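Chain letters run A, B, ... following the sequence lines, proteins first, then strands; residues in each count from 1. Just so it is clear, the model here is predicted, and its values are computed rather than measured.
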Number of protein chains: 2
Amino acid sequence: MSKAADTRMMILQKSFELIYRKGYQSTSIDEIIATTQVTKGAFYYHFKTKDDMGLSLITEVLYPGMYNVMIKPLEEGKNPAKDIYNVMENLLNDFVFFNPDYGCPAINLIEEMSPMNPVFKKALSKLVKQWQNAIVAALNKGKEAHIFTGTFVPEEVAMVVISGYGGVRNIGKALGKSSYKTYLKGLKTYLNKL
Amino acid sequence: MSKAADTRMMILQKSFELIYRKGYQSTSIDEIIATTQVTKGAFYYHFKTKDDMGLSLITEVLYPGMYNVMIKPLEEGKNPAKDIYNVMENLLNDFVFFNPDYGCPAINLIEEMSPMNPVFKKALSKLVKQWQNAIVAALNKGKEAHIFTGTFVPEEVAMVVISGYGGVRNIGKALGKSSYKTYLKGLKTYLNKL
DNA sequence: TTGTCAACATACCAATTAGTATGTTATGTC
DNA sequence: GACATAACATACTAATTGGTATGTTGACAA
């Protein structure tokens with residue numbers, strides 16, 4: 001990676017951390033250049049506007065990050081119910097960068113930016129759809145393998161699961177990490193009944 | 001209600017609508033006084049600071065509003081699974097003031113303000129706990145009446161339900177109202193298996 | 001070695017922000 | 001009707017905002 005590309009990625013990474021904790025609109029360019037030690041001229045050399053940077057952040061940091069944790073395990077696993085639970089537990093408990101107080105960066109951006117900027121909305125909805133599709137695909141694979149005892153519509157289960165994740169990230173901001181524990185138990189029971 | 005109290009409540013109502021659509025931090029005092037036709041002097045006569053107004057908004061607009069829709073039906077109903085579903089459907093589909101693009105005012109505030117202001121966080125966590133308690137109580141009442149066929153932990157079911165709500169309000173911002181429909185079907189299946 | 005351009009650095013700007021200082025006016029009480 | 005105070009109105013401020021105009025520097029091709 002060239003030095004310029006390094007600088008660009010460094011700005012994106014640090015901005016990601018700042019925006020994760022403070023929100024997109026409340027994170028100023030001045031604050032970003034202060035913590036990155038990059039001058040304003042450098043920032044605006046790499047990004048046309050703040051929104052250009054925000055969008056790059058979604059596609060270049062959020063997309064790759066989510067794939068490894070939320071999609072890949074579902075593609076590779078054999079037991080969908082178990083795999084979905086493990087992905088969720090991994091996300092909620094083991095991801096040390098994520099703090100219950102600050103929730104999930106992707107969920108935060110959806111909350112804040114989807115209503116404000118249609119370009120953000122589109123990029124973020126793509127993110128959601130990818131996870132949704134991965135869950136549906138995993139459930140269908142399990143159905144074909146006759147793993148499940150009951151009948152269900154994969155799309156509906158996927159929606160309950162991803163909604164549960166987004167919601168518990170929200171509730172966790174108010175009630176703390178204990179919400180995660182209770183939710184995970186409830187999720188396990190739910191998945192076992194499929 | 002005195003004229004002064006009228007003015008105060010009008011400011012709160014209009015601010016509530018603005019903040020619902022734009023977010024708390026992105027809604028400026030100048031914008032509030034422009035849409036309320038109230039001068040800055042009047043605003044700061046009724047509220048010490050912006051945060052003082054925001055907090056009043058939670059306790060004087062959000063609290064009463066949520067009680068009628070989210071709590072009361074659960075206290076009065078006889079069939080918890082059905083009652084929970086109806087509350088959810090009512091919230092998601094019939095509440096015309098709520099727009100899928102803008103989600104739920106309470107969820108929005110939790111997302112944005114819980115990490116920023118501990119006073120907001122406390123007021124909002126109270127809101128969540130009240131709904132949680134109402135759901136748990138309803139489920140326990142149903143258990144005592146031997147309505148349910150399976151066994152479950154009410155606290156865990158309540159957490160799955162309220163997380164689902166918060167989450168689908170989030171997903172709905174990205175994917176639109178169709179998410180609500182899919183989620184409601186999944187929720188119905190879930191509740192029927194209790 | 002010199003010219004060129006990518007990759008930055010510095011200094012600015014107009015608009016917007018929450019909040020204040022200092023007014024004026026309406027209203028109820030005696 | 002005088003007076004006090006509640007309920008507003010107007011004009012300002014210092015700080016912060018995203019963005020720009022105009023520099024400078026370093027590496028690499030010719």
Side-chain angles (χ1 to χ4, degrees), chain A residues 1-58 60 108-109 112-113 115-120 123, chain B residues 1-58 60 108-109 112-113 115-120 123:
Chain A
M1 190 147 49
S2 72
K3 186 142 176 286
D6 271 352
T7 305
R8 186 192 147 91
M9 188 48 76
M10 189 261 279
I11 295 173
L12 284 179
Q13 298 275 10
K14 291 267 184 190
S15 300
F16 183 74
E17 291 172 31
L18 280 174
I19 290 168
Y20 171 51
R21 272 174 292 174
K22 308 201 23 164
Y24 179 81
Q25 319 237 26
S26 298
T27 303
S28 67
I29 309 285
D30 283 350
E31 210 172 346
I32 289 172
I33 67 173
T35 59
T36 52
Q37 303 270 54
V38 152
T39 61
K40 191 159 275 195
F43 181 92
Y44 278 98
Y45 172 78
H46 288 287
F47 307 101
K48 264 187 72 173
T49 61
K50 188 188 181 186
D51 280 6
D52 178 39
M53 185 272 291
L55 208 63
S56 304
L57 203 135
I58 294 175
E60 295 173 40
N108 294 354
L109 277 175
E112 186 184 2
M113 296 310 293
M116 310 286 276
N117 187 322
V119 183
F120 275 63
Chain B
M1 190 145 52
S2 73
K3 186 141 174 290
D6 272 352
T7 305
R8 185 193 147 91
M9 188 48 75
M10 188 262 277
I11 295 173
L12 285 178
Q13 299 274 11
K14 291 266 184 192
S15 301
F16 183 75
E17 291 172 32
L18 280 174
I19 290 167
Y20 170 52
R21 272 174 291 174
K22 308 201 22 163
Y24 179 80
Q25 318 237 26
S26 297
T27 303
S28 68
I29 309 285
D30 283 350
E31 210 172 346
I32 291 172
I33 67 173
T35 59
T36 52
Q37 303 270 52
V38 153
T39 61
K40 192 158 273 195
F43 181 92
Y44 278 99
Y45 172 79
H46 288 288
F47 307 100
K48 267 187 71 175
T49 61
K50 188 188 181 185
D51 280 6
D52 178 38
M53 185 274 290
L55 207 64
S56 304
L57 203 136
I58 294 175
E60 295 173 41
N108 293 354
L109 278 175
E112 185 183 3
M113 295 311 293
M116 308 288 274
N117 187 323
V119 182
F120 275 63

Quick one: is [X] getting a side-chain N or O under 4.0 Å of the [N] phosphate, OP1 or OP2?
| X | N | value |
| --- | --- | --- |
| B:Ser28 | C:dT17 | yes |
| A:Thr7 | C:dA7 | no |
| B:Tyr44 | C:dG19 | yes |
| A:Tyr45 | C:dA7 | yes |
| B:His46 | D:dA7 | no |

Spacing between [X] atom [atom1] and [N] atom [atom2], to the nearest angstrom:
| X | N | atom1 | atom2 | answer |
| --- | --- | --- | --- | --- |
| A:Lys50 | C:dT16 | NZ | P | 16 Å |
| A:Tyr24 | D:dT17 | OH | P | 14 Å |
| B:Asp52 | C:dA18 | CG | C1' | 14 Å |
| B:Phe43 | D:dC12 | CZ | C1' | 18 Å |
| A:Asp6 | C:dA6 | CG | P | 19 Å |
| B:Ile11 | D:dA7 | CD1 | P | 12 Å |
| B:Ile29 | D:dA9 | CD1 | C1' | 17 Å |
| A:Ile32 | D:dG19 | CD1 | P | 11 Å |

Notebook entry, point to check: Taking the inter-plane angle between the rings of A:Tyr20 and A:Phe16 on a 0 to 90° scale, is it parallel (under 30°), tilted (30 to 60°) or perpendicular (over 60°)?
Noted result: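 It falls in the parallel class, under 30°.
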Note to self: Taking the side chain as everything from C-beta on, heavy atoms only, tell me whether A:Asp30 gets closer than 4.5 Å to A:Lys40.
What the structure shows: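 Yes, close enough: below the 4.5 Å cut-off.
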Please pick, from [options], the nucleotide with the shortest atom-to-atom distance to any side-chain atom of [X].
| X | options | value |
| --- | --- | --- |
| A:Ala42 | D:dC8, C:dA9, C:dA6 | C:dA9 |
| B:Lys40 | C:dC8, D:dT10, D:dA6 | D:dT10 |
| A:Thr49 | D:dC8, D:dG19, C:dG19 | D:dG19 |

Checklist line | Earlier contact from the 5' end, DNA chain D, for A:Asp30 and A:Gly41 | finding: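 Between the two, 5'-proximity favours A:Asp30.
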Note to self: At 4.0 Å (heavy atoms only), tell me whether A:Thr39 reaches a base, stays on the sugar-phosphate, or touches nothing.
What the structure shows: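 Base contact.
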Note to self: Students often get this wrong, so: under 4.0 angstrom with heavy atoms, is B:Ser26 touching a base, only sugar-phosphate, or nothing?
What the structure shows: nothing
Margin query: Donor-acceptor pair, distance only, cut-off 3.5 Å: does the side chain of A:Glu112 make one with the backbone of A:Gln25?
Written below: yes
Next item on the list: Output yes when a side-chain donor or acceptor of A:Tyr24 lies under 3.5 Å from a complementary backbone atom of A:Asp51, and no otherwise.
Entry: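 Between the backbone of A:Asp51 and the side chain of A:Tyr24 there is a qualifying donor-acceptor contact (under 3.5 Å).
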Check: Where do B:Thr27 and B:Ile19 come nearest, in terms of heavy atoms and distance?
Finding: OG1-CA, 3.6 Å
